[in-house]
Amino acid sequence: MNDSPDRQVRVRAAPAPSGSLHVGNVRTFLYNWLHARHTGGKFVLRIEDTDTSRFTEEAYAAVLEDLKWLRLEWDEGPEVEGPHAPYRQSQRTQLHVDAAERLLSVGAAYRCYCTKEELEERRARARAEGRRPGYDGRCFRLTDTEQQAFEAEGRPSTVRVHIPDEGEIVFEDRVIGPVTTQLEQIDDFAILRSDGAPLYHLAVVVDDGLMEITDVIRGDDLLSNTPKQILLHSALGNPIPTFAHLPQVLGPDRKPLSKRHGSTSIADFREAGYLEDALVNFLALLGWGTAEDTILSREELISRFDVADVHPSPAMFDTKKLDWMNGEYIRLLDEQELTRRVLPFYANAGLVREPLSDEDRQKVDAATPLIQTRIRRLDEAPALVRGLFLRVEMDPAAAAKAFAPEHVPELLQAAIETLGALDPWTKESVEAALRGLAEERQLKPRTAFAPFYVAISGSTVSAPVFDLMTLIGKQECLERLRRALEACGH
RNA sequence: GCCCCCAUCGACCAGCGGCCUAGGUCACCACCCUUUCAAGGUGGUAACACGGGUUCGAAUCCCGUUGGGGGCACCA
């Protein structure tokens, strides 16, 4: 637990905006959010957009949109602001540069005049000789006269922090456990580019310090770099935050989840008809969980979550389980809400056009209970009720199978006659009529009704056919049955 | 190459020295229910990577091996 009485928990999410968020990053943000809510702390959103060549305003907007959709609301950050504004790293460079100057003035950092080419060449050589390819610290050993000479010739310089060769740095990671690093493994890394721009580690540490971040929860790709950041924090006189490194989220091939595994962005999942609560529930359980329960509300997640319980081993993103869980959440929705959510999918599939006509409105409402137990994703809904809105083509394979039995033409003919005379046209009367026909012919329901599914829905994967027929109306049903009869070869 | 991290059913989680003949969930299989498809119900298959220790006792602690992942940038 981190409910240390002396300071309120402050965590942050620090996305580099490159478009819609990757689900792996979302899990990291979710854990931060859960930790903040669980401890009654603050969740800060800081956008790490320092590499201006890579980040666009659209990408930035997409990040905020994703977080809002997931309802991972932030207490400080863009739009809501707060005492540590600005919350976009690109607007904080002066702060970072000032910190670098301070490190320079106290001798914790020094200027390095090595060129990129020199460094690359030395790195390549080190690798070839089996040595660690980091910086060898030679500019730290520059004499004053050598340095003045470089300055006089106007040679550009980066700023590096000096790391002692001896000693070790130990920190207690809340998911990994104690982590020890020998200082000889850490090179004098750069904190300012030769054009004066601050580098990642500097920016993170300065901002985490200024924003009084107490608990850093992030991906374990930063685990090996954490000692560097601890060193920087100390050099800057910051309190050292606690760290929790989350293992990677894996794809089905056990490789880190990436675009080549297909959909990985929140936008993709939203468009496929996943519900935000299902995604949150599912992601929360990737790397953390309880023994018995899997469907957990946000409140339950918040009260049970503890970073210390997070698995140190990587977890695979299992779409099958997500689909199941999403289906559970769809069934939890009330009909009105589900209707509201599937409507865009109907429109997108060309079944209806907004604003809805009265007739379509009625059909859309009536369709909801028919699809609710039949879909796992919202985008599966249109296929089940296409026949409700359109005179759909009959699926050739389904038709071939359903119309093959010898009794089918006669059955369809009888149905056309019986239904043609049916009054009133209600679900009960339609069902009774068709069941009657099946019984007279001693047909089992499943074989008897297959032709009707194909005739009305175009397929045997469909919402229940009696409901559809009732909603479609007598005349249209008769039309489709006649069409089916013709397709049988009559 | 060097350093660091990880290792329970196919997947996610439970297990934190005896309650384990290893539990739950997804997936899978079978059966039931059923107008198709689902949903629902019942049951089932299935795992402690390997090898050494420590201990009366190990899935649980330690060490190796193997296998995965990450880091070693004037990227973030």
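The sequence lines fix the lettering, A, B, ..., with proteins before strands; numbering per chain opens at 1.
- Distance, A/Glu120 CD to B/A73 P: 11 Å, rounded to whole Å.
- Counting non-hydrogen atoms under 4.0 angstrom, A/Pro156 reaches nothing in the nucleic acid.
- When both pairing distances are held under 3.5 Å, B/A7 makes a Watson-Crick or G-U pair with B/U66.
- Base pairing of B/C28: its partner is B/G44, meeting the Watson-Crick or G-U wobble criterion (both donor-acceptor distances under 3.5 Å).
- When distances are taken from the side chain of A/Ile176 to each of B/G70, B/A76, B/C5, the shortest belongs to B/C5.
- Going from the P atom of B/C48 to that of B/A11 covers 12 Å, rounded to whole Å.
- Every residue meeting the side-chain contact (heavy atoms from CB on, under 4.5 Å) condition with A/Thr319, not counting sequence neighbours, appears here in chain and number order: A/Tyr274, A/Phe317, A/Asp323.
- Side-chain contact of A/Thr339 with A/Thr368: a donor-acceptor pair under 3.5 Å is present, judged by distance alone.
- Counting only heavy atoms from C-beta on, A/Lys320 has its side chain closest to B/C26 among B/C26, B/C4, B/C74.
- Among the protein residues, A/Cys112 comes within range of no part of the nucleic acid, since none of its heavy atoms lies under 4.0 Å from any strand.
- Protein atom CD1 of A/Ile191 is 13 Å distant from nucleotide atom P of B/C75, rounded to whole Å.
- Across the strands present, B/U34 finds no partner; the criterion is a Watson-Crick or G-U wobble pair with both atom distances under 3.5 angstrom.
- With both ends at atom C1', the span from B/G68 to B/A76 equals 24 Å, rounded to whole Å.
- With sequence neighbours excluded, no residue forms a salt bridge (Lys or Arg N to Asp or Glu O under 4.0 Å) with A/Glu166.
- When the P atom is used for both B/A47 and B/A22, the distance is 10 Å, rounded to whole Å.
- Residue-level contact check: A/Asp187 touches the backbone only, with heavy atoms under 4.0 Å from sugar-phosphate atoms and none from bases.
- The 12-atom threshold is not exceeded at CD of A/Gln442, counting heavy atoms of other residues, nucleotides or ligands nearer than 6.0 Å.
- Counting non-hydrogen atoms under 4.0 angstrom, A/Leu222 reaches a base of the nucleic acid.
- Evaluation of the side-chain contact (heavy atoms from CB on, under 4.5 Å) rule for A/Gln182 yields A/Glu168, A/Thr180, A/Glu184, A/Gln185 as partners, not counting sequence neighbours.
- Figure legend. B/U21 is base-paired to no nucleotide; pairs are counted as Watson-Crick or G-U wobble with both atom distances under 3.5 Å.
- Judged as a salt bridge (Lys or Arg N to Asp or Glu O under 4.0 Å), and not counting sequence neighbours, A/Arg111 has no contacts.
- Residue contacts shown for A/Leu119 include a base, since a base heavy atom lies under 4.0 Å away.
- Identified under the ring-ring contact (aromatic ring centres under 6.0 Å, His included) test for residues 451-474 of chain A, with sequence neighbours left out: A/Phe449-A/Phe466.
- Neither side chain, A/His407 nor A/Arg441, offers a donor N or O lying under 3.5 Å from an acceptor on the other.
- Pair check for B/C75 finds none; no Watson-Crick or G-U wobble contact set falls under 3.5 Å.
- Checked against ring-ring contact (aromatic ring centres under 6.0 Å, His included), A/His201 has the following partners two or more places apart in sequence or in another chain: A/Phe189.
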Original post:
What is the per-nucleotide protein-contact pattern of nucleotides 8-13 of chain B, from the 5' end, where B denotes a base atom under 4.0 Å from a protein heavy atom, S denotes such proximity for sugar-phosphate atoms only, and - denotes neither?
Top reply: ---SBS
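- Side-chain atoms of A/Asp253 and A/His261 include a donor-acceptor pair closer than 3.5 Å.
- Close to B/C74, at under 4.0 Å from its OP1 or OP2, lies a side-chain N or O of A/Arg123.
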Write down the protein N/O and nucleotide N/O pairs, taken from nucleotides 44-49 of chain B, whose separation is under 3.5 Å; answer none if there are no such pairs.
none

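- B/C29 and B/C16 have their P atoms separated by 34 Å, given to the nearest Å.
- Contact annotation for A/Asp220: backbone-only contact, meaning every heavy-atom pair under 4.0 Å involves sugar-phosphate atoms and none involves a base.
- Nearest-nucleotide assignment on RNA chain B puts the 5′-proximal partner with A/Arg131, out of A/Arg131 and A/Tyr135.
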Between N or O atoms, less than 3.5 Å apart, protein on one side and nucleotides 32-40 of chain B on the other: list the pairs.
| unit_1 | atom_1 | unit_2 | atom_2 | d |
| --- | --- | --- | --- | --- |
| B/U35 | OP1 | A/Arg435 | NH2 | 2.5 |
| B/U35 | O2 | A/Tyr453 | OH | 2.1 |
| B/U36 | O2' | A/Thr460 | O | 2.4 |
| B/U36 | N1 | A/Tyr453 | OH | 3.3 |
| B/U36 | O2 | A/Thr460 | O | 2.7 |
| B/U36 | O2 | A/Ser462 | N | 3.2 |
| B/U36 | O2 | A/Ser462 | O | 3.1 |
| B/U36 | N3 | A/Tyr453 | OH | 3.3 |
| B/U36 | N3 | A/Ser462 | O | 2.7 |
| B/U36 | O4 | A/Arg374 | NH1 | 2.9 |
| B/U36 | O4 | A/Pro464 | N | 3.2 |
| B/C37 | O2 | A/Arg374 | NH1 | 3.4 |
| B/C37 | N3 | A/Arg374 | NH1 | 2.3 |
| B/C37 | N4 | A/Arg374 | NH1 | 3.2 |
| B/A38 | O2' | A/Thr373 | O | 2.5 |
| B/A38 | N3 | A/Thr373 | OG1 | 3.2 |
| B/A39 | OP1 | A/Arg376 | NH1 | 3.4 |
| B/A39 | O4' | A/Thr373 | O | 3.0 |
| B/A39 | O3' | A/Arg331 | NH1 | 3.4 |
| B/G40 | OP1 | A/Glu328 | OE2 | 3.2 |

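- Taking atom C1' in both B/G15 and B/U21, one finds a spacing of 16 Å when rounded to whole Å.
- Counted by atom type alone, A/His96 and A/Asp207 present one or more donor-acceptor pairs between their side chains at under 3.5 Å.
- A distance of about 27 Å separates the P atoms of B/U66 and B/A73, rounded to the whole Å.
- For the segment residues 16-26 of chain A, residues with any heavy atom less than 4.0 angstrom from an atom of RNA chain B are, sorted by number, A/Ala16.
- B/G44 and B/A27: their C1' atoms are spaced 14 Å apart (whole Å).
- For the pair A/Tyr200 OH and B/A76 P, the computed distance is 9 Å after rounding to whole Å.
- Rounded to an integer number of Å, the gap from NE2 of A/His201 to C1' of B/C75 is 10 Å.
- For the C1' atoms, the distance from B/G23 to B/C9 is 11 Å, rounded to whole Å.
- A/Thr226 places a side-chain N or O within donor-acceptor distance of the main-chain N or O of A/Leu223, the cut-off being under 3.5 Å.
- Counting only N and O atoms by type, the side chains of A/Asp98 and A/Gln94 include a donor and acceptor under 3.5 Å apart.
- For residues 122-141 of chain A, the pairs satisfying ring-ring contact (aromatic ring centres under 6.0 Å, His included) are A/Tyr110-A/Phe140, A/Phe140-A/His162, with sequence neighbours left out.
- Comparing atom distances between the A/Pro312 side chain and each of B/C74, B/C6, B/G68 picks out B/C6 as nearest.
- A donor-acceptor contact closer than 3.5 angstrom links the side chains of A/Thr426 and A/Ser429.
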Going by atom type alone, with no hydrogens or angles, which donor-acceptor pairs under 3.5 Å involve a side-chain atom of residues 383-400 of chain A and a protein atom two or more places apart or on another chain?
| unit_1 | atom_1 | unit_2 | atom_2 | d |
| --- | --- | --- | --- | --- |
| A/Arg391 | NE | A/Glu476 | OE2 | 2.8 |
| A/Arg391 | NH2 | A/Glu476 | OE1 | 2.8 |
| A/Asp395 | OD2 | A/Ala398 | N | 2.9 |

